[in-house]
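One structure below.
Along the sequence shown, the residues carry numbers beginning at 1.
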Amino acid sequence: MGRITKAHGLKGGIKLELYTDDPDRRFTPGAVFTLQVPDDSPWSGKTIALDELRWYNSHPVAFFEGIADRSAAETLARAILWVEQDTEEETGEDDAWYDHQLVGLTVLRDGVQVGTVARVDHMPAQDLLAVDTESRGEVLVPFVAAIVPSVDLEAGTVTVTPPTGLFEDPEDMSRPETVTPAPDASADESSAPDSSAAESSAPESSAPDASARDSED
C-alpha cells in the first residue's frame with residue numbers, strides 16, 4: 001500500500017509514499033498493515049495499526065498507534081506497508097490491477113510468448129513489470145499503456161509493445177527491424193567511377209563536391 005520514508009515532526013508523524021490510488025479507502029483509522037523490514041529490525045514480523053492519516057502540503061503523513069514521538073517514528077523509516085488482500089476482490093477501476101493478479105501472467109509480444117510476470121516493482125516514477133525470460137533473464141518493463149497496452153486476466157496474458165532492444169539483443173536476426181543492412185558490394189563496384197576517366201575529364205580548377213548530411217533536427 002505504501003512505503004514509510006521518514007519521520008515528520010516530534011509527535012510520531014511519518015511521511016508516506018503511497019502505492020494506492022485510493023488512500024481514503026485503504027488508510028482509514030484502525031487499518032492494520034504488515035511491515036516489510038529487514039530481519040534485524042525490531043519491527044520484523046510485526047503489524048501496525050493506523051491512528052490517522054493527515055495531509056501536509058499535499059504530502060500524506062501517517063500517525064500509527066503506539067508511535068508517540070520522533071524517535072519511535074524513525075525506527076520505521078523505509079518500511080513497506082502491506083495489507084491482507086482478498087484474491088477475489090476487484091480494484092474497482094478499469095485500468096488497475098493488484099500485484100497478485102499480474103504475477104504469473106504470460107507476456108506476449110506480437111502474439112508470441114516472451115516471458116512471465118514474476119513480480120511488480122513500485123518505483124517513484126512508475127511501476128515496473130519484472131518479466132522472467134528464457135533468453136535474457138529478468139527484463140524490467142515500464143507498466144505504462146504505451147508499452148503494456150493490454151492486460152487480459154481471463155486469458156492470463158499481458159500484451160507488450162516494447163521498444164527495440166528490450167527483449168532482444170540490439171541486432172536480433174529473428175527481428176528484421178533490429179538488423180542493420182550490410183552494404184551491397186556489387187553495387188559499390190558497378191557504381192564506382194573509373195579513376196583514369198575521372199582524372200582526364202575533371203577540370204584542374206574544380207573542387208570536390210561537398211557531402212550532404214541529413215539534418216535530424
Worksheet item: How close do P162 and F167 get, heavy atom to heavy atom, and via which atoms?
Response: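 Shortest heavy-atom contact: CG-CD1, 3.5 Å.
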
Item to complete: Identify the heavy atoms of L53 and P60 that sit nearest to each other, and give their distance.
Response: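 Nearest heavy atoms, L53 then P60: CD1-CB, 4.0 Å.
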
Practice prompt. Report the C-alpha separation of F33 and I48 in whole Å, then their side-chain angles, then the decisive distance to 0.1 Å, and conclude whether the side-chain contact (heavy atoms from CB on, under 4.5 Å) test is met.
Written response: CA-CA 5 Å; F33 300 90; I48 194 168; 4.2 Å; yes

Discussion item. Parallel, tilted or perpendicular: which one describes the rings of W97 and F143, with boundaries at 30° and 60°?
Written reply: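 Taking F143 first and then W97, their aromatic rings sit tilted (interplane angle of 30° to 60°).
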
Worksheet item: Between E17 and K6, is there a side-chain N and carboxylate O pair less than 4.0 Å apart?
Response: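 No.
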
Under 3.5 Å, sequence neighbours excluded: what are the donor-acceptor pairs made by side chains of residues 70-81?
unit_1 : atom_1 : unit_2 : atom_2 : d
R70    : NE     : E74    : OE2    : 3.3
R70    : NH1    : G9     : O      : 2.9
T75    : OG1    : W43    : NE1    : 2.9
T75    : OG1    : A72    : O      : 2.5

Item to complete: State, yes or no, whether a side-chain contact exists between T116 and L105 at a heavy-atom distance under 4.5 Å.
Response: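 No, side chains not in contact.
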
Worksheet item: Any side-chain heavy atom of V61 within less than 4.5 Å of one from L16?
Response: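 The answer is no, as the side chains (C-beta and beyond) never meet within the 4.5 Å cut-off.
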
Tell me which donor-acceptor pairs under 3.5 Å the side chains of residues 122-135 have, and how far apart each pair is, sequence neighbours excluded?
unit_1 : atom_1 : unit_2 : atom_2 : d
H122   : ND1    : D127   : OD1    : 3.1
H122   : NE2    : D99    : OD1    : 3.2
H122   : NE2    : D99    : OD2    : 2.8
T133   : OG1    : R136   : N      : 3.0
T133   : OG1    : G137   : N      : 3.1
T133   : OG1    : G137   : O      : 2.7

Worksheet entry | T34 side chain vs T47 backbone, donor-acceptor pair below 3.5 Å |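 A pair under 3.5 Å: no.
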
Worksheet item: Side-chain heavy atoms under 4.5 angstrom apart, residues restricted to Ile, Leu, Val, Met, Phe, Trp, Tyr: same cluster for L18 and L35?
Response: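 Same cluster.
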
Worksheet item: Going hydrophobic residue to hydrophobic residue with side-chain gaps under 4.5 angstrom, can you get from L10 over to I67?
Response: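 In one cluster with L10: I67, no.
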
Discussion item. Under the criterion side-chain contact (heavy atoms from CB on, under 4.5 Å), I'd like the reasoning laid out for R54 against H8: C-alpha separation, chi angles, the key distance, then a yes or no.
Written reply: CA-CA 11 Å; R54 302 177 187 174; H8 175 83; over 6 Å; no

Discussion item. Can you tell me if L140 has over 12 outside heavy atoms packed within less than 6.0 Å of its CG?
Written reply: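 Buried by this count: over 12 neighbours within 6.0 Å.
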
Discussion item. Please enumerate all residues that pass side-chain hydrogen bond (donor to acceptor under 3.5 Å, both in side chains) together with D69, with sequence neighbours excluded.
Written reply: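 Here no residue qualifies.
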
Worksheet item: Partners of T106 by side-chain contact (heavy atoms from CB on, under 4.5 Å), sequence neighbours excluded?
Response: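 Partners of T106 under the side-chain contact (heavy atoms from CB on, under 4.5 Å) test: L108, Q113, T157.
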
Worksheet item: Excluding sequence neighbours, so at least two apart, what forms side-chain contact (heavy atoms from CB on, under 4.5 Å) with V103?
Response: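 With neighbours one apart ignored, the set is empty.
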
Worksheet item: For D152, what residues pass the salt bridge (Lys or Arg N to Asp or Glu O under 4.0 Å) criterion, not counting sequence neighbours?
Response: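 So D152 forms no salt bridge (Lys or Arg N to Asp or Glu O under 4.0 Å) with any residue.
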
